[in-house]
Amino acid sequence: MRRGWRDLTDLVLPAECGGCGDGRAVLCSRCRTALGGAVPRRVRPVPEPPGLPVVHAAAPYADEVRAALLAHKERGMLALTAPLGAALAGAVRAGLRESGAGDGDGFSGPGPGPSPGRGPVPALLVPVPSARRAVRTRGHDPARRIALAAAGELRRTGVSARVSAVLRQRHAVADQSGLDARQRLDNLTGALAVVPGGARLLCGGGTVVLVDDLMTTGASLAEAARAVRAATAGGAGTATDRGGPPDRAGPAESGAGPGTYWTARSAVYPSAVGEGREERKPGPEMAGPNGGGAVIGEAICAAVVAASPDSFENKPELTESLHRCR
């Protein structure tokens with residue numbers, strides 16, 4: 001009861017900045033700059049796990065940004081949801097631009113495009129799920145909560161976006177803390193799956209954006225991408241999707257209306273991944289899942305609020321940005 005009252009008062013009158021602890025503000029101006037003041041960057045962990053899609057991050061996981069994420073995740077400082085969601089929205093925009101999904105006006109995604117009267121195809125924000133035990137302990141799912149805030153921010157700025165929480169853990173995994181990159185990858189391989197009916201939502205033609213609050217080794221995002229690709233490789237009628245109506249997957253959150261999604265060719269394809277750190281090179285033409293030739297690109301990307309500082313590309317500019325925030 002006492003904790004609930006403290007959480008309620010923090011929402012109305014924050015006791016301290018979630019980043020630095022100074023002042024009575026959700027985030028002070030300096031911490032807001034650290035979180036969302038720089039242009040989101042492409043991030044690639046070393047070593048890079050196989051199957052990791054292109055990932056963009058809003059900020060490096062250090063100092064005030066690290067403190068804010070931990071305050072939201074572990075201490076339940078829910079007033080931080082809005083600024084964290086805004087930062088994630090910026091990373092999603094960067095990913096959509098790089099994937100060629102448009103600038104937020106109209107159709108987003110390389111699928112069949114909107115049908116007459118349907119409007120633009122929304123980008124689907126798919127949060128990486130937390131373990132059920134962690135959700136019970138924390139009292140909320142941080143990634144899902146931030147994803148909903150990011151989708152709202154995107155829509156306010158003209159980008160059609162919805163959240164579809166279609167990923168679930170198939171089995172319990174070991175605690176990731178203390179594991180190295182290889183151990184984390186082994187720990188998570190095969191751990192996620194798309195719920196029955198979820199492939200139909202993913203096959204609507206829009207770009208699928210995997211979202212999380214943090215990327216360190218990239219193992220969680222790589223496993224999420226594997227699960228999405230496996231569920232959508234054969235279109236909406238795959239074995240994964242058979243036998244379950246769409247509503248069993250949970251409708252796309254944030255107010256998806258009837259007719260928003262339709263059966264179409266899968267928009268999610270694995271692209272050829274070069275050895276080591278080579279650039280991903282999607283094949284120019286492949287056969288579509290329902291037959292026929294089609295130009296196919298990787299219509300899946302990922303976005304996070306923060307990533308390990310050494311995973312950022314274009315590091316000289318990152319270093320300068322960090323100095324400006326301190």
Side-chain angles (χ1 to χ4, degrees), residues 1-41 43 55-94 127-128 130 134-135 137-154 156-157 176-178 211-216 303-326:
M1 181 70 180
R2 186 176 301 171
R3 180 179 177 182
W5 176 254
R6 185 173 65 249
D7 291 343
L8 179 61
T9 56
D10 281 348
L11 285 172
V12 178
L13 188 63
E16 61 184 23
C17 170
C20 64
D22 294 337
R24 296 187 68 86
V26 175
L27 276 180
C28 67
S29 59
R30 183 165 65 93
C31 292
R32 285 185 182 273
T33 299
L35 179 62
V39 176
R41 298 288 183 185
V43 287
V55 186
H56 284 79
Y61 186 62
D63 303 328
E64 296 89 349
V65 173
R66 179 178 182 275
L69 281 171
L70 288 175
H72 179 265
K73 177 184 286 186
E74 305 296 349
R75 289 164 41 205
M77 194 170 174
L78 303 185
L80 289 167
T81 303
L84 292 174
L88 179 60
V92 171
R93 287 191 204 96
V128 176
S130 299
V135 173
T137 301
R138 293 167 180 156
H140 72 127
D141 187 332
R144 185 170 180 173
R145 187 180 294 273
I146 295 172
L148 288 166
E153 176 67 19
L154 288 166
R156 281 191 292 272
T157 57
Q176 294 278 82
S177 60
V211 294
D212 207 349
D213 57 349
L214 172 66
M215 185 194 77
T216 51
V304 294
V305 176
S308 301
D310 59 2
S311 67
F312 278 74
E313 295 188 347
N314 205 350
K315 293 182 178 64
E317 292 186 22
L318 170 62
T319 302
E320 182 181 349
S321 175
L322 283 171
H323 285 318
R324 285 198 302 269
C325 293
R326 289 175 178 170

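Below, each value reflects all heavy atoms present in this structure, side chains not excepted, and no hydrogens, waters or symmetry copies.
- A pairwise comparison of heavy atoms in Gly19 and Ala67 identifies O-CB, 3.1 Å as the closest pair.
- Taking CG from Leu35 and CZ from Arg30, the interatomic distance works out to 13.0 Å, rounded to the nearest 0.5 Å.
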Exercise for review: Report the C-alpha distance between Val211 and Val92 in whole Å, list the side-chain angles of each, state the deciding distance to 0.1 Å, and finish with yes or no for side chain to side chain contact (heavy atoms under 4.5 Å, CB included).
Suggested key: CA-CA 8 Å; Val211 294; Val92 171; 4.1 Å; yes
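- In this structure, the side-chain contact (heavy atoms from CB on, under 4.5 Å) partners of Ala149, at least two apart in sequence or on a different chain, are Thr81.
- For His72, the ring-ring contact (aromatic ring centres under 6.0 Å, His included) partners at least two apart in sequence or on another chain are His140.
- In terms of heavy atoms, Val65 sits closest to Ala59 at CG2-CB, 3.9 Å.
- The side-chain heavy atoms of Val55 and Val304, taken from C-beta on, include a pair separated by under 4.5 Å.
- Arg145 contributes atom CZ, which lies 12.5 Å from atom CG of Asp213 (distance to the nearest 0.5 angstrom).
- Between Glu64 atom CD and Leu69 atom CG the span is 12.0 Å, to the nearest 0.5 Å.
- Under the rule for a side-chain contact (heavy atoms from CB on, under 4.5 Å), the partners of Ala89 that lie at least two apart in sequence or sit in another chain are Arg93, Ala150, Glu153, Leu154.
- With sequence neighbours excluded, the residues that form a side-chain contact (heavy atoms from CB on, under 4.5 Å) with Val135 are Ser130, Asp141.
- A 4.5 Å side-chain heavy-atom check between Arg41 and His56 finds every atom pair outside the cut-off.
- Partners of Asp212 under the salt bridge (Lys or Arg N to Asp or Glu O under 4.0 Å) rule, at least two apart in sequence or in another chain, do not exist in this structure.
- For the atom pair CE (Met215) and OG (Ser308), the distance works out to 6.5 Å, reported to the nearest 0.5 Å.
- Side chain of Thr33 to backbone of Ser29: a donor-acceptor contact under 3.5 angstrom is found.
- Not counting sequence neighbours, the partners of Thr216 by the side chain to side chain donor-acceptor pair (under 3.5 Å) test are Arg184.
- The closest side-chain heavy-atom distance from Cys28 to Asp22 is not below 4.5 Å.
- In this structure Ala134 satisfies the side-chain contact (heavy atoms from CB on, under 4.5 Å) test together with Ala131, Arg138, sequence neighbours excluded.
- Here the CG-CG distance, from Leu80 to Leu27, works out to 5.0 Å after rounding to the nearest 0.5 Å.
- Electrostatic pairing of Arg75 and Glu16 counts as a salt bridge here, judged by a charged N lying under 4.0 Å from a carboxylate O.
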Review point. How far apart are the C-alpha atoms of Tyr61 and Leu70, what are their side-chain angles, what is the distance that settles it, and do they pass the side chain to side chain contact (heavy atoms under 4.5 Å, CB included) test?
Key: CA-CA 10 Å; Tyr61 186 62; Leu70 288 175; 3.8 Å; yes
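- Of all heavy-atom pairs spanning Cys20 and Cys17, the tightest one is N-SG, 3.5 Å.
- Among all heavy-atom pairs drawn from Ala58 and Ala91, the shortest one is N-CB, 4.1 Å.
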